[in-house]
Structure formats: C-alpha cells, structure tokens
**Q** 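This is the structure, below, for whatever I ask next.
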Amino acid sequence: MKVITTTSEMFSTRSDLADTIGLAPTMGYLHEGHLSLVRRARAENKIAIVTIFVNPSQFGPEEDLDSYPRDLSRDLDLLRAEGVDMVFVPSPDELYPSGYQTWIELAELSGVLEGARRPGHFRGVATIVAKLFNLTRPSRAYFGQKDAQQAILLRRLISDLHFNIDLVICPTIREGHGLAMSSRNSYLTANERERAAVLFEALTTAGTTYKAGERDASKLRALITDKLAAEPVAHPEYVSIADLETLHEIEGQISAPVLVSIAVQVGRARLIDNVWLGVHVG
Ligand code: PAF
C-alpha cells in the first residue's frame, strides 16, 4: 500500500495509472461505515484510493476541528488489511498553501438543513472534494448515505462541474441497536450511546408509517418529534422531511422521494441520521 503525502506525488502517481479508480474520501478514525465504502471501491475498480484528511475548511470556528478523533497508524493498518492500493494523507498546508483563495459553493443546496446550522460547512466540503477529484481523477467515488445532504450536494457538483465520475451512495452502517456509525460517536458515554438508539427508532417509526400509507409530511414529522421528546438525553435540533433532490421542505402530501433527516445533540455529540422514503439506496 502506497502512502502519499504531497500533491505532486499524488499527481504523478495518478498520471501513471490507466485503470479504473475507486475513491473513498475520509477524515480518518475509520469505522465499519468507512470500510464499507473502501470494500466497495476495491470490488468495483482496479485501483482503490482512500484519502485521509481532516479538512479544516469544513469546520466552523466553534466546532471540533482540534478535538476531532485521529489515529493514523490504526487507520493505515485497517486499510492495508483491506488491500487498498493507495492512501493520500496530505497536510493542511499541502492542500491550502498560503495565498489559497478558491472556493466552491452550491447556491441552494449548501444553505439548508446542515448548511443552515453549520455556515460554511458545505463550501468546505465541496471545495475539498473537488480538489481530491482533481488530484485522483477517479472513475467512481464512494460516499455514505449517513451524510445524505453531502452526497446529494456532491452529486450536483459532479454534474454542474462536468466531472466524469460516478457517485456511489452506500447504505448507512449501524451499530447493533441502530445507532449510525460515526467517528463522533466516540464523544458519547456508554449510557448515551445506548440511548442514542432513539434516533434510528424515531426514523424507523416514520418509515413504517409511510410504508403503511401515510403521506402527510407533518404527521410523519410529529411522530419523529414525539419519539425524540420521550428520550431525555436527546435534544433535537431539527426534524426535516425534504424533497430528495432539491432539499426543499415538504409541507403537505409526499408525492416524490423524500429525505427524512434529523440532527440531535446527545451529550457532547451532535448526531445526524436519515432515511430515504420512496427510493432504494445501495
Ligand atoms: O464525509 C467526510 O468524511 C468528509 O466530509 C469528506 C467527504 C471526506 C470531505 O472532507
């Protein structure tokens, strides 16, 4: 497994490759969710490239950039065991050298849901992912459904900027009781981790009710809100039912695929989770 730390080496190594390339961009501290992307990238392409970069530009000034969990040697061991061909681990100065000033912003998709609560977050995500696309020029890029808005926005970015890349959205990987895997779950105490199962329970209740025929978005939203309200450790930030493509909030009847998404503070962790209704992921 080749470990690359500079953009010049990444460029020259990439230029020598003619095979299909699967890219799994990550911020490290890998868990089974990341590894599911890596396995798929390996299975569907000749070469699998993983990037590990805690991207400063997608963190707000009050967010957890400094404390974001990191364990590079463990990550590299895991990726070696998965048979990954290349890992790109640049430093912040390598990707944002002094004088850096180019940013990518999606006019509408960046400003709603997570974007409304985390100003600048998706500008950072869109910019870093476009840079990683340019550096690695993958045939396919793998992202988790867990970060649904990110995946939807990157699909738009690929189309708007004419990247010749297939975006593959992989299903959320969950712990036994349903909590979506996330590097930030490490902020939870054992008790909070158990209780955080309420996020998926609430989403599942909405999903089951939808499958039984309910199409009133407000009723589904209320079901989720009530379920979360019954768990004292859960402090919901938003409960949204939005069009899966435009992310416009649905007020009346659901007639097209929707993203049901929630953000909930549990202890030190701000957790997000979602289900998609009316469409299959995977
Ligand atoms: O999903 C993530 O881990 C990050 O947002 C990404 C896509 C690696 C960009 O920094």
Side-chain angles (χ1 to χ4, degrees), residues 4 7 10 22-38 40-41 48-60 63-72 75 78-79 84 86-96 100 102-106 109-110 113-115 117-136 138 140-158 161 163 165-173 180-187 259 261 263 269-274 281:
I4 299 174
T7 51
M10 188 64 244
L23 173 71
T26 81
M27 298 207 299
Y29 210 67
L30 304 178
H31 50 66
E32 276 300 311
H34 297 113
L35 297 180
S36 73
L37 311 183
V38 170
R40 190 113 177 237
I49 305 182
V50 175
T51 64
I52 299 180
F53 181 61
V54 182
N55 172 34
S57 72
Q58 68 186 73
F59 288 78
E63 293 187 13
D64 56 346
L65 173 62
D66 292 339
S67 59
Y68 193 84
R70 293 162 169 90
D71 191 342
L72 184 59
D75 288 348
L78 286 169
L79 295 176
V84 164
M86 261 167 238
V87 187
F88 181 45
V89 195
S91 67
D93 285 348
E94 191 67 23
L95 290 187
Y96 299 109
Y100 187 88
T102 303
W103 301 100
I104 296 178
E105 199 137 16
L106 285 87
L109 291 176
S110 286
L113 298 173
E114 284 300 286
R117 276 88 190 171
R118 304 182 65 190
H121 172 66
F122 286 118
R123 176 188 193 247
V125 170
T127 302
I128 194 63
V129 172
K131 284 157 75 67
L132 295 173
F133 284 170
N134 280 329
L135 285 161
T136 59
R140 300 185 185 84
Y142 296 81
F143 296 91
Q145 185 198 341
K146 155 85 177 16
D147 293 305
Q149 184 173 5
Q150 168 172 283
I152 290 163
L153 177 142
L154 293 175
R155 191 165 58 193
R156 187 78 242 170
L157 175 142
I158 286 174
L161 296 184
F163 281 108
I165 298 170
D166 281 341
L167 181 132
V168 183
I169 301 177
C170 303
T172 303
I173 304 296
M181 289 203 181
S182 162
S183 305
R184 287 189 171 103
N185 289 354
S186 62
Y187 297 156
L259 169 68
S261 63
R270 182 179 179 279
L271 304 175
I272 57 171
D273 201 353
N274 67 86
V281 185

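Order of listing sets the numbers, starting from 1, for every ligand and every atom in it.
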**Q** Give the residue and atom name of whichever protein heavy atom lies nearest to atom 10 (O) of ligand 1, and the separation in Å to one decimal.
**A** Gln58 OE1, 2.6 Å
**Q** What do the steps show when you test Tyr100 against Asp93 for side chain to side chain contact (heavy atoms under 4.5 Å, CB included), and what is the final call?
**A** CA-CA 10 Å; Tyr100 187 88; Asp93 285 348; over 6 Å; no
**Q** Charged N to carboxylate O below 4.0 Å: is that the case for Arg270 and Glu114?
**A** yes
**Q** Can you tell me which residue and heavy atom of the protein come closest to atom 1 (O) of ligand 1, and the distance to 0.1 Å?
**A** Gln150 NE2, 2.8 Å
**Q** Near Arg156 CZ, under 6.0 Å, is it more than 12 heavy atoms from other residues, nucleotides or ligands?
**A**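 At most 12 heavy atoms, drawn from other residues, nucleotides or ligands, come within 6.0 Å of this atom.
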**Q** May I ask you to check whether Ser57 and Tyr96 show a side-chain donor-acceptor distance below 3.5 Å?
**A** yes
**Q** For ligand 1, which atoms sit closer than 4.0 Å to a heavy atom of Ile128?
**A** 9 (C), 10 (O)
**Q** Tell me the protein heavy atom at minimum distance from atom 3 (O) of ligand 1, and give that distance in Å.
**A**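 Heavy-atom neighbour on the protein nearest atom 3 (O) of ligand 1: Met27 CG, 3.5 Å.
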**Q** Are Tyr68 and Asn55 linked by a side-chain donor-acceptor pair shorter than 3.5 Å?
**A** no
**Q** Using a 4.0 Å cutoff against the non-hydrogen atoms of Thr26, which atoms of ligand 1 qualify?
**A** 8 (C)
